[in-house]
There are 2 protein chains.
Amino acid sequence: MHNLLSNFRVDVNPSLYLKDPESSSLGQNIIKSSIDLIDLHGIEEFNFKKLAKEIGSTESSIYRYFENKQRLLLYLSSLYWGIMEFQLVMETNSMKAGMQRLMKAVEVLFSTPKLNYSSFKLDGAKLRHIINSEFVKAYHNKHVDEQNKAGYFSIYKRLVLRISELINDVNASYSYSNSLSSMIIEGSLNQYFLSEHFHSLTDCHSEDNLYLFYEDLLTKTLKQ
Amino acid sequence: MHNLLSNFRVDVNPSLYLKDPESSSLGQNIIKSSIDLIDLHGIEEFNFKKLAKEIGSTESSIYRYFENKQRLLLYLSSLYWGIMEFQLVMETNSMKAGMQRLMKAVEVLFSTPKLNYSSFKLDGAKLRHIINSEFVKAYHNKHVDEQNKAGYFSIYKRLVLRISELINDVNASYSYSNSLSSMIIEGSLNQYFLSEHFHSLTDCHSEDNLYLFYEDLLTKTLKQ
DNA sequence: TAAAATTGATAGTTTTACTATTAAATTTGC
DNA sequence: GCAAATTTAATAGTAAAACTATCAATTTTA
């Protein structure tokens with residue numbers, strides 16, 4: 001069966017890597033196994049030494065692909081948000097503007113990404129878990145501003161602005177579309193995290209519940 | 001003029017420190033200067049060696065107060081949320097249940113804390129800035145679950161649940177008070193951060209705007 | 001003022017993050 | 001199919017961070 005995504009490739013900012021990990025099997029192993037390891041033990045416990053051991057390579061070989069693990073995390077984040085953006089566009093671009101389209105976008109955002117694209121075969125659930133627990137650390141750092149200027153977050157930002165536009169399409173007079181959009185996206189990461197670690201601080205313990213929470217919120221907030 | 005807060009003390013979980021920093025002038029210097037340094041350079045660049053140099057003490061002396069810088073950050077977070085909770089209770093407990101009280105609580109949460117309490121004289125704006133940029137890192141780590149079990153986040157959690165109750169008072173049939181509460185609190189940290197580093201992703205570039213955004217959101221969401 | 005507790009000075013260990021060098025293996029161009 | 005170019009592996013090493021240990025000097029307290 002032909003897969004719609006099989007010829008799709010996220011154009012990750014090339015300055016995030018030193019050598020394109022898609023271009024070699026070592027590179028692909030780096031991506032695949034880093035997802036496994038970060039998913040399992042978190043970014044703090046993760047380092048290139050452990051990754052090298054895991055894939056039967058060496059630290060110095062990995063350093064030829066990525067300057068450091070922070071860049072690798074940014075690469076994985078771009079991959080994730082790029083895939084999300086692609087799926088979102090695919091699912092919503094034929095719909096007519098309005099609440100239904102916005103909610104379809106939200107639905108896509110909250111569902112596990114289907115990752116069968118380009119040269120990678122990646123585990124969508126693991127990648128999503130990484131983003132849920134580690135993405136905030138990707139931009140809460142001393143170098144945000146220069147990294148932002150270098151375009152390391154551009155895919156993510158484009159996605160936020162896409163949702164802003166969908167919000168504007170629903171209600172053009174609403175004044176906080178950017179804040180609402182970023183709140184939905186980052187908020188959803190946070191609600192997943194809360195459900196896993198601070199059960200009492202959220203009511204959303206399933207994708208469905210999260211969807212209903214936001215549906216209620218958006219419907220009421222954007223009603224004219 | 002007598003200050004209402006001058007005899008108030010946040011009961012930070014004692015297992016967050018090895019020796020109570022309020023009990024000595026070295027301890028108070030540790031708190032004061034760590035706020036200065038983390039505010040200035042972020043938690044990654046901060047370490048006990050630099051802090052020791054700053055206050056004219058030694059690394060080993062600081063290690064007698066805190067096991068590591070992560071615990072110190074959790075201590076500062078507890079201090080912050082404890083002060084916020086105190087101010088919130090002070091300002092709202094005499095009000096009658098309803099939207100006005102909820103919005104007063106939100107107003108308190110979004111304003112810079114007034115820190116003149118107990119033995120510390122702390123800079124509220126700096127502490128708030130630290131929380132805005134570093135608090136997410138305080139719980140996005142490998143040891144969340146055991147730290148949560150040890151009660152390291154209890155003040156913060158209590159605050160979220162207080163807001164949940166205020167929400168329930170406004171609309172008892174609303175099903176997502178916990179999610180809405182955590183979304184408001186963490187979301188506000190995030191909106192501050194976005195305003196500072198990702199200008200285009202938010203519409204809230206002042207305390208007032210942030211307040212209006214949430215006022216609109218809460219009013220519409222909780223209307224019966 | 002003696003005992004107890006705290007702090008300072010110094011030094012050392014382990015781990016992480018990263019760099020350098022060279023040989024072996026693999027790929028590529030012809 | 002082979003020489004040249006590139007990539008990878010193996011090894012070693014540095015610098016800084018994150019602690020730990022020891023003991024003398026100072027301060028507190030009883």
Side-chain angles (χ1 to χ4, degrees), chain A residues 14-34 37-38 40-76 119 134 137-138 140-143 146-147, chain B residues 14-34 37-38 40-76 119 134 137-138 140-143 146-147:
Chain A
S15 47
L16 279 174
Y17 49 79
L18 299 169
K19 183 166 152 53
D20 186 354
E22 289 198 56
S23 70
S24 73
S25 72
L26 176 59
Q28 291 174 37
N29 281 332
I30 289 173
I31 300 306
K32 206 201 153 310
S33 293
S34 64
L37 290 181
I38 298 173
L40 218 53
H41 307 296
I43 191 80
E44 273 83 21
E45 300 276 306
F46 170 85
N47 61 43
F48 284 180
K49 197 170 197 168
K50 289 177 186 171
L51 176 58
K53 197 178 174 187
E54 174 80 12
I55 62 182
S57 181
T58 59
E59 234 180 316
S60 53
S61 298
I62 296 168
Y63 273 108
R64 264 179 229 110
Y65 284 81
F66 291 99
E67 228 172 293
N68 52 50
K69 70 175 176 183
Q70 155 81 0
R71 294 288 169 95
L72 174 52
L73 178 59
L74 285 173
Y75 180 91
L76 296 178
S119 46
E134 316 290 353
K137 294 176 211 163
H140 275 89
N141 74 73
K142 200 182 158 44
H143 308 291
E146 42 178 298
Q147 291 186 343
Chain B
S15 48
L16 279 174
Y17 49 79
L18 300 169
K19 183 167 152 54
D20 186 354
E22 289 199 56
S23 70
S24 73
S25 74
L26 176 59
Q28 291 175 36
N29 281 333
I30 289 173
I31 300 306
K32 206 201 152 308
S33 292
S34 65
L37 290 182
I38 298 174
L40 217 52
H41 306 296
I43 191 80
E44 273 84 20
E45 301 275 307
F46 170 84
N47 61 45
F48 284 180
K49 197 169 197 170
K50 289 178 186 170
L51 176 58
K53 198 178 175 189
E54 175 79 14
I55 61 183
S57 179
T58 61
E59 235 180 315
S60 53
S61 298
I62 295 168
Y63 273 108
R64 270 181 219 112
Y65 283 83
F66 291 99
E67 225 172 294
N68 51 50
K69 70 175 175 181
Q70 156 82 0
R71 293 289 168 93
L72 173 53
L73 178 59
L74 285 173
Y75 180 92
L76 296 179
S119 47
E134 315 290 353
K137 294 177 212 163
H140 274 88
N141 75 72
K142 198 181 160 45
H143 308 291
E146 41 179 298
Q147 292 185 343

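A note on names: the letters A, B, ... follow the listed sequences, proteins ahead of strands, and every chain is numbered from 1. The basis for the numbers below is simple: all heavy atoms, side chains too, and nothing from hydrogens, waters or symmetry mates.
- Contact of the A:H41 side chain with the A:F46 side chain is not registered, since no non-hydrogen atoms from C-beta on lie closer than 4.5 Å.
- Across the interface with DNA chain C, nearest-nucleotide mapping of B:S61 and A:E59 shows B:S61 to be the residue nearer the 5′ end.
- What separates CG of B:L26 from C1' of D:dT26 is a distance of 13 Å, to the nearest Å.
- For the pair A:L51 CG and C:dT16 C1', the computed distance is 15 Å after rounding to whole Å.
- When the side-chain nitrogen and oxygen atoms of A:S57 are compared with OP1 and OP2 of D:dA9, one or more of them lie within a distance under 4.0 Å.
- Within 4.0 Å of B:Y65, counting heavy atoms only, lie sugar-phosphate atoms of the nucleic acid but no base atom.
- Rounded to an integer number of Å, the gap from A:Y17 OH to D:dT7 P is 14 Å.
- Closest approach to the B:S60 side chain among C:dT7, D:dA21, D:dA9 is made by D:dA21 (side chain taken as heavy atoms from C-beta onward).
- Counting to the nearest Å, the P atom of D:dA9 and the CZ atom of A:R64 are 8 Å from each other.
- Here the nucleotide nearest the side chain of A:K19, chosen from C:dA17, D:dT8, D:dA9, is D:dT8.
- Phosphate contact (OP1/OP2 of C:dA17, side-chain N/O of A:N68, threshold under 4.0 Å): absent.
- Nucleic acid contact for A:K49: none, since no nucleic acid atom lies under 4.0 Å from a heavy atom of the residue.
- In this structure, the nucleotide among C:dA9, D:dC19, D:dA10 sitting nearest to the side chain of B:Y63 is D:dC19.
- For the OP1/OP2 pair of C:dT7 and a distance below 4.0 Å, the side-chain nitrogens and oxygens of B:S24 include at least one atom meeting the criterion.
- Annotation for A:K142: atom NZ counts as buried by contact number, over 12 foreign heavy atoms lying within 6.0 Å.
- Counting heavy atoms from C-beta on, the side chains of A:Q147 and A:Q70 come closer than 4.5 Å.
- B:L73 has its CG atom 13 Å from the P atom of D:dA18, to the nearest Å.
- For B:Q28 and C:dT6, the CD to P distance is 15 Å, given to the nearest whole Å.
- Side-chain contact between A:I31 and A:F66: present, with at least one pair of heavy atoms (C-beta onward) separated by less than 4.5 Å.
- Looking at B:E67, its side chain has no donor and acceptor atom pair within 3.5 Å of the base of D:dC19.
- Distance from the side chain of B:N47 is smallest to D:dA18 among C:dA9, D:dA18, D:dA9.
- A donor-acceptor contact under 3.5 angstrom links the side chains of B:Y65 and B:S24, judged on distance only.
- Closest approach to the A:K69 side chain among C:dA17, D:dT20, C:dT21 is made by C:dA17 (side chain taken as heavy atoms from C-beta onward).
- Put simply, CG on B:N29 is 13 Å from C1' on C:dT7, counting in whole angstrom units.
- One interatomic measurement links the two molecules: CD1 of B:I62 to C1' of C:dA9, which rounds to 14 Å at whole-angstrom precision.
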